[in-house]
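Below, chains carry the letters A, B, ... as their sequence lines are ordered, and counting in each starts from 1. No experiment lies behind these values; they were computed from the predicted model shown.
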Protein chains: 2
Amino acid sequence: MTEETSEPAPFICGLDATLRIVSGKWKPLILFFLGKGPKRYGELKRDVRGVSDKMLIQHLKELEAHGVIVRTDYHEIPPRVDYMLSPFGQSLVEAMVPMCRWGENNTEAIASALKAQMKGDAR
Amino acid sequence: MTEETSEPAPFICGLDATLRIVSGKWKPLILFFLGKGPKRYGELKRDVRGVSDKMLIQHLKELEAHGVIVRTDYHEIPPRVDYMLSPFGQSLVEAMVPMCRWGENNTEAIASALKAQMKGDAR
DNA sequence: CAGCATCCAAGAAGATACTG
DNA sequence: CAGTATCTTCTTGGATGCTG
């Protein structure tokens, strides 16, 4: 019985491997904000402006399953849960820092690049 | 005439800005391979294993529209076209290098993290 | 070779309402 | 507060076939 029930598809390079972890509309942002320290659910939701409960929870669960973040439930009432980076996640966030900085340093260029596209492309 | 035809939604941070440029299933990989030098269409397609013409062209057009890459058509027959990074794109790729390295250095950890998830989650 | 057009499937994401 | 559940919508992406 060859248990090749859908191969995970091999990585084509290191970047590809990294992307398997951070793919998801909000994952990079979640990691970015957790990089600033442990956060409670509600706090995180406020930081990642625009995310819905559904997506936030879903991504959080995946990141936890991948060993990138750690969830702590204090079993209190009212509920208190917080999320923090694991050492693995921490190293990932560090690898993302240059991309954050690039965005910070090129905000205006990016904004106008995105606008330029809109003009010729009205989808 | 108030020309606010659908606001682009403001960036919530630098990373968010960066993501607007590199979001797309294959974009980071395209940039990564172009980081190794100019490439012809077919060459790129071979590098980015698994991508379809449709997606490759679509992403290439967007990246070009955003000023990240430069397309050169030699107007020859048979057709010859190549793609290369613009200086802007070059700086972006440099910012991505740490993520590539992270993936290279953690390939096995990532692979098992992805497997671990599959077991408890058979969706 | 490089690329476009069309159709279609899958999945990601959003809105809304509800719970311990 | 921190989620869950369900439904619907929208975007993404893949397969295929055609063209200069």
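- Grouping Ile, Leu, Val, Met, Phe, Trp and Tyr by side-chain contacts under 4.5 Å, direct or through others, puts A:V70 with A:M84.
- Partners of B:R71 by side chain to side chain donor-acceptor pair (under 3.5 Å), not counting sequence neighbours, listed by chain and number: B:D73.
- By the side chain to side chain donor-acceptor pair (under 3.5 Å) test, A:D53 pairs with A:Y41, A:K45, sequence neighbours left out.
- Where DNA chain C meets chain B (any atom under 4.0 Å from a heavy atom), the bounding nucleotides read 5' to 3' are C:dC1 to C:dC7.
- Looking at heavy-atom distances under 4.0 Å, A:H75 makes no contact with the nucleic acid at all.
- The phosphate of D:dC1 has neither OP1 nor OP2 within less than 4.0 Å of any side-chain N or O from A:R40.
- Partners of B:F33 under the ring pair (Phe, Tyr, Trp, His ring centres under 6.0 Å) rule, at least two apart in sequence or in another chain, do not exist in this structure.
- By the side chain to side chain donor-acceptor pair (under 3.5 Å) test, B:D82 pairs with B:Y74, sequence neighbours left out.
- A:E108 pairs by the side chain to side chain donor-acceptor pair (under 3.5 Å) definition with nothing, not counting sequence neighbours.
- Cluster note: B:I77 groups with no other residue, as no ILVMFWY side-chain heavy atom lies under 4.5 Å from it.
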So which protein N/O to nucleotides 3-7 of chain D N/O distances come out below 3.5 Å?
| unit_1 | atom_1 | unit_2 | atom_2 | d |
| --- | --- | --- | --- | --- |
| D:dG3 | OP1 | A:R71 | NH1 | 2.3 |
| D:dG3 | OP2 | A:Y83 | OH | 2.8 |
| D:dT4 | OP1 | A:K61 | NZ | 3.3 |
| D:dT4 | OP2 | A:K61 | NZ | 3.2 |

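- For B:W26 and B:F32, the ring centers sit 6.0 Å or farther from each other.
- Here B:R46 pairs with B:E43 under the side-chain contact (heavy atoms from CB on, under 4.5 Å) rule; sequence neighbours left out.
- Contacts of A:S52 classified as side-chain contact (heavy atoms from CB on, under 4.5 Å), with partners at least two apart in sequence or in another chain: A:K54, A:M55.
- Mapped onto DNA chain D by nearest heavy atom, A:R80 and B:P78 fall at different nucleotides, with A:R80 at the one closer to the 5' end.
- At a non-hydrogen distance threshold of 4.0 Å, nothing from residues 45-52 of chain B comes into contact with DNA chain C.
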